[in-house]
Amino acid sequence: MLQIKTIEEYQQAYQKSVEDPEGFWAEQAATFQWKKPWDKVLEWDFKKPDVKWFLGGKLNITENCLDRHLESRGDQAAIIFEPNDPNEKETIYTYKQLHAAVCKTANALKNLGIKKGDRICFYMPMVPELAIGVLACARIGAVHSVVFAGFSAQALADRINDAEAKMVICSDYNNRGKKHIPVKKVVDEAIAMGCDSIETVLVHKNTGDDLNWNADLDKWWHDEVDSQSEHCEAEVMDSEDLLFILYTSGSTGKPKGVVHTCGGYMVYSTFSFLNVFQYQENDIYWCTADIGWITGHTYIVYGPLAAGATSIMFEGVPTYPHAGRFWEICDKYKVNQFYTAPTAIRALMALGDEHVEKYDLSSIKVLGTVGEPINEEAWNWYNEKVGKGNAPIVDTWWQTETGGIMITPIPNVTKLKPCFATNPLPGVQLCLVDPDGNEIEGNDVEGLLCIKFPWPAILRTTYGDHERCRTTYFSMFEDKYFTGDGARRDEDGMYRIIGRVDDVINVSGHRMGTAEVENAINEHPLVIESAVVGYPHEIKGQGIYAYVIISDSVTDNEAFQKEVANVVRTEIGPIAKPDVIQVVSGLPKTRSGKIMRRILRKVASKDISDLGDTSTLLNPEIVDEIISGAGLK
Ligand code: WTA
């Protein structure tokens, strides 16, 4: 597979990918093991949308991630698992061992009645069994839907039901930092809410603490898996068969299940992994994301394994048992590529340089960030303190929907610019448009970020609701995929992501729909209406600011705030808890009844110098009240 090494190669590859996308991607795809070659590289129509890559091709992604490495690197570490507690020893899975574990698990799933096309939901901490389980699904053609284990029972139940999953795979408990989290209990609660499609709950024993056991549904992982054969024929999958569903938040309604398929996703995840991280034979690569998010799917599981890399999987948190844990791990394994989120960088930066200075980080060749815009201070700190000025930073912009990295520097090949994701990877045809959909040409401009041409890992649909996929991404601007982000293209044609232009906020790199949080808050019996906006937050990137109208006066404000936070915790999970809750008597609304969020955002950001035109408001007097309620007057 092409690994770009010079700027000329980048330019040539990019040009070829635009002039002859089919030829370009066919060359990349040819480096994989196919059970049957494709008949046609690409068919697409963004109007429907209908995108198909490598039509008629048959493959199994796990053969490409595992089997094909057995001969050349069977004894090389595929996954190094670093536990939460640094006093516990790491677990290493070589490619041979991982292959065997995946096959055994796949056999166990079959034995439990799972067939190709069935959906399996995962609700697990960052333990090797999560990666193994996901690959076991792919082995037999079951569709995985991993739900981040910080979501609430309600959120889990919603996702199980939307996908009509037949099985949930979970752990008993989770050790995360100092916390001991009852994972299966959340699954039990979700199922008690009504998840009729679930036939089995497969429980991985992680800590071994006491559990409630439901003999009708529950089965132990070890009982089902340990006795299975280490051989499992890989299911023949069509390029366009579903590989996984991953739920993500949008500006309206409930989270939607983004669907990725086998062939294109495999090609793109590997291509982007090899190029963005410039992974070389025997390098040790570490991505700190959780497999509950797309970054973990593409850059812990599929991309690195398909590329034959050694990938670290970390169970814990950056600050446990001390603020130098990330750097200690980098030193311990002599990590060569390190990929994390700006929120983690900012949090660690705030804890002082001494934690990073203690460790030898000279092995690091590439540093990556993802999930949210990185501010200059954090970029500089990462560059100087972690990379010692020697490791290029790849600020990678992409989305759950894009499946893989889209805009990014290529280390030692393309130019860096702090806080700029810089340039598109080959195959990525960007454009900026104005709100009317006119393409903005030239440089030194700003606009809405769209993509004009399909890349192999573009989402194919939103599960069970294709129309929603069309309206969300493809209907805003004709024949373009709309990202939801605003971006700037500078004098040199480099891209800087400004942030979401829709009602999606990004808290510590976690995507959240403001409507989702509002719906949760509205569940509180006293709340009549609420409006949620993001505001700049030093560590989290964005914080959650909620304005609420209540039916009765509240005497104990502190208790009320806690109750609202608890409702959100129950409906979505702790990550969606508002940072600020302000009780108001009304919300600024236009005559058509639309909340003027611009004003709410300004107040939440403590920036009321220019509130813009408020004359069209139905209730202009409310603005003053909100400002003084926020303590700004
Ligand atoms: C934001 C995460 C600025 C963006 C892989 C996007 C970024 C959303 C960057 C997708 C970046 C991601 N710079 N913003 N390098 N990377 N974003 O689906 O707003 O969890 O639309 O995928 O994160 O979040 P998601």
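Every number for a ligand or one of its atoms is a count from 1 in the order of the listing.
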Write out the protein residues near ligand 1, meaning a non-hydrogen atom under 4.0 Å from one of its atoms, in order of chain and number.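 Within the 4.0 Å shell of ligand 1, which is judged on heavy atoms, sit Ile294, Thr295, Val370, Gly371, Glu372, Pro373, Asp395, Thr396, Trp397, Trp398, Gln399, Thr400, Asp485, Ile497, Arg500, Asn506, Arg511.
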So, for Tyr545 and Tyr547, is the gap between ring centers shorter than 6.0 Å?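 Centroid distance Tyr545-Tyr547: below 6.0 Å, so yes.
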Would Arg601 pass as a cation-pi partner of Tyr535, given that its NZ or CZ must be under 6.0 Å from the six-membered ring centre and within 45 degrees of the axis? no
Could you check whether any side-chain N or O of Tyr463 sits under 3.5 Å from a backbone N or O of Phe244, counting only pairs where one atom can act as donor and the other as acceptor?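 Between the backbone of Phe244 and the side chain of Tyr463 there is no qualifying donor-acceptor contact (under 3.5 Å).
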Heavy-atom donor-acceptor pair, Tyr265 side chain to Thr298 backbone, under 3.5 Å: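 Flag set: sc Tyr265 to bb Thr298 pair under 3.5 Å.
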Can a salt bridge be assigned to the pair Arg460 and Glu401 using a cut-off of 4.0 Å between side-chain N and carboxylate O? no
Quick one: does Ser272's side chain get under 4.5 Å of Tyr299's, heavy atoms only?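 Yes, at least one pair of side-chain atoms sits under 4.5 Å.
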